[in-house]
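Data block below; observations after.
Note that the structure is a prediction, hence the values are computed from the model and not measured. Every number for a ligand or one of its atoms is a count from 1 in the order of the listing.
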Amino acid sequence: MQNADHQAYLAALQWHIDQGIDEILELEPVTNRLEVVKVPAHVPEAELKTRERPILQSPSQTPAQANVATGLQKLKDQARELAAKADTLEDLAKAIQGFDGLDIKKTATNFVFSDGYPNAKVMLVGEAPGADEDRLGKPFVGVSGQLLDKILACIGLDRTSEDPKTGIYISNILNWRPPGNRTPTPQEMEIALPFIEKHIALADPEFLILSGGVAAKTVLHSGESISKLRGTAHTFAPKTLEISKKIPVVATYHPSYLLRTPSQKAKVWQDMLFLQSLRLSL
Ligand code: URA
């Protein structure tokens, strides 16, 4: 290879890495992702009835879109079934680990399920593991996790404590790191929803903190921004299972956002004081 070509290839590789594209997802490049693929075999009527809603909803849906919707629904159904069968946190961890419906599993190094004290009264849910979490197999252990620990310490919470009042149980919506720390796709969040809802139900906290917009929108089934969702108490209302307990939920900014925008730290402090007032009122 000519030296100039070599330099150009290296520059192109570096450009991809700088854009966060640091994993190879497929061995062969896909030349046309919009290419129309064949319609799947007809979905039996009985199967359609057992699903949340019909898949071939819109007459304007192309066959490729219908294919994607069918596949997504199947994965959601599969995740829901697996989550329903889990009676303990250990069962759930095993079920998620064995689930092949999320491609991020193929590129991640470690499965990241939880940290902290499972019997704690407070549970916190974030978005997805980053590079440090992927390396160590625990949520919130990188720089943003260190800031999170400081924030929690301000209201007397400590993930290493095994006292239900001062301990905290921590997890994420996704248990695998999205390659290059990209934002999880809406499809990934939909597929993972039964898992995180069951995770919360099994941990059975008295209070739930949702850290960041992705976690807040997913768990609260909302299209609102985190700045609208924070500041009021919500109630955990799972879509994929039934619970009778009313778990109060506080949504707040993600620590990695605070690292980029320290001026918003005061708002997270207000959110923590708000959570504290709810805790004291029980
Ligand atoms: N960000 C998250 O949302 N979760 C982690 O575990 C780490 C960073």
Side-chain angles (χ1 to χ4, degrees), residues 20 22-23 89 92-93 96-97 102 104-105 107-118 120 122-153 157-160 167-193 195-200 203 205 207-222 224-227 229-230 234 236 249-262 264-265 267-268 271-272 275:
D22 58 0
E23 307 279 353
L89 289 171
L92 183 67
I96 304 175
Q97 219 166 353
L102 285 166
I104 47 173
K105 176 179 172 180
T107 49
T109 306
N110 276 306
F111 175 61
V112 180
F113 187 64
S114 67
D115 195 21
Y117 186 46
V122 182
M123 177 172 183
L124 178 137
V125 174
E127 180 178 313
D132 293 315
E133 290 75 19
D134 185 40
R135 202 163 35 83
L136 298 173
K138 279 188 180 180
F140 284 105
V141 288
V143 203
S144 65
Q146 286 157 21
L147 176 57
L148 177 68
D149 285 343
K150 285 187 193 154
I151 295 169
L152 296 172
L157 296 176
D158 170 3
R159 70 166 97 188
T160 64
I168 179 156
Y169 185 58
I170 300 177
S171 189
N172 282 307
I173 309 266
L174 293 180
N175 304 99
W176 309 100
R177 176 196 179 211
N181 290 352
R182 64 158 169 74
T183 303
T185 64
Q187 290 78 6
E188 285 167 343
M189 299 318 249
E190 278 188 63
I191 295 167
L193 186 69
F195 293 140
I196 190 60
E197 291 194 334
K198 190 61 183 269
H199 200 156
I200 298 166
F207 301 96
L208 183 63
I209 306 175
L210 300 175
S211 184
V214 174
K217 286 182 193 180
T218 306
V219 175
L220 297 174
H221 322 298
S222 170
E224 296 282 13
S225 66
I226 181 67
S227 42
L229 292 171
R230 61 166 292 280
H234 304 267
F236 176 53
V249 182
V250 169
T252 192
Y253 291 120
H254 194 282
S256 62
Y257 171 67
L258 295 186
L259 289 170
R260 297 191 302 272
T261 325
Q264 298 291 49
K265 281 185 182 171
K267 295 210 174 110
V268 173
D271 296 335
M272 292 304 105
L275 172 74

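For ligand 1 and Gly126, the ligand atoms under 4.0 Å from any heavy atom of the residue are 3 (O). Atoms of ligand 1 lying under 4.0 Å from any heavy atom of Pro139, numbered from 1 in the order shown and given with element: 6 (O).
If you look at Glu127 next to ligand 1, the close heavy atoms, those under 4.0 Å, come from the backbone and the side chain alike. Residue-level proximity to ligand 1 for Ser144 is carried by the side chain, the only part with a heavy atom below 4.0 angstrom.
Between Phe140 and ligand 1, an N or O atom pair is found at a separation short of 3.5 Å. Considering backbone and side-chain atoms together, Gly130 places no N or O closer than 3.5 Å to any N or O of ligand 1.
Environment of NZ in Lys217: crowded, with over 12 heavy atoms of neighbouring residues, nucleotides or ligands closer than 6.0 Å.
For the residues Ser171, Gly145, Ala128, the heavy atom positioned nearest atom 5 (C) of ligand 1 is part of Ala128.
Nearest protein heavy-atom neighbour of atom 4 (N) of ligand 1: Asn172 OD1, 2.8 Å.
To the nearest 0.5 angstrom, His234 atom NE2 is 5.0 Å from Leu229 atom CG. For the atom pair Ile173 CD1 and Ile191 CD1, the distance stands at 13.5 Å (nearest 0.5 Å).
Between Tyr253 and Asp271, the closest heavy-atom pair is N-OD2, 4.4 Å. Closest approach of Thr252 and Ile226 over heavy atoms only: O-CD1, 3.4 Å.
The closest side-chain heavy-atom distance from Ile209 to Leu152 is below 4.5 Å. A heavy-atom distance below 4.5 Å is found between the side chains of His199 and Ser114.
At least one heavy atom of His254 sits under 4.0 Å from some atom of ligand 1. The shell of residues lying under 4.0 angstrom from ligand 1, judged by heavy atoms, excludes Gly212.
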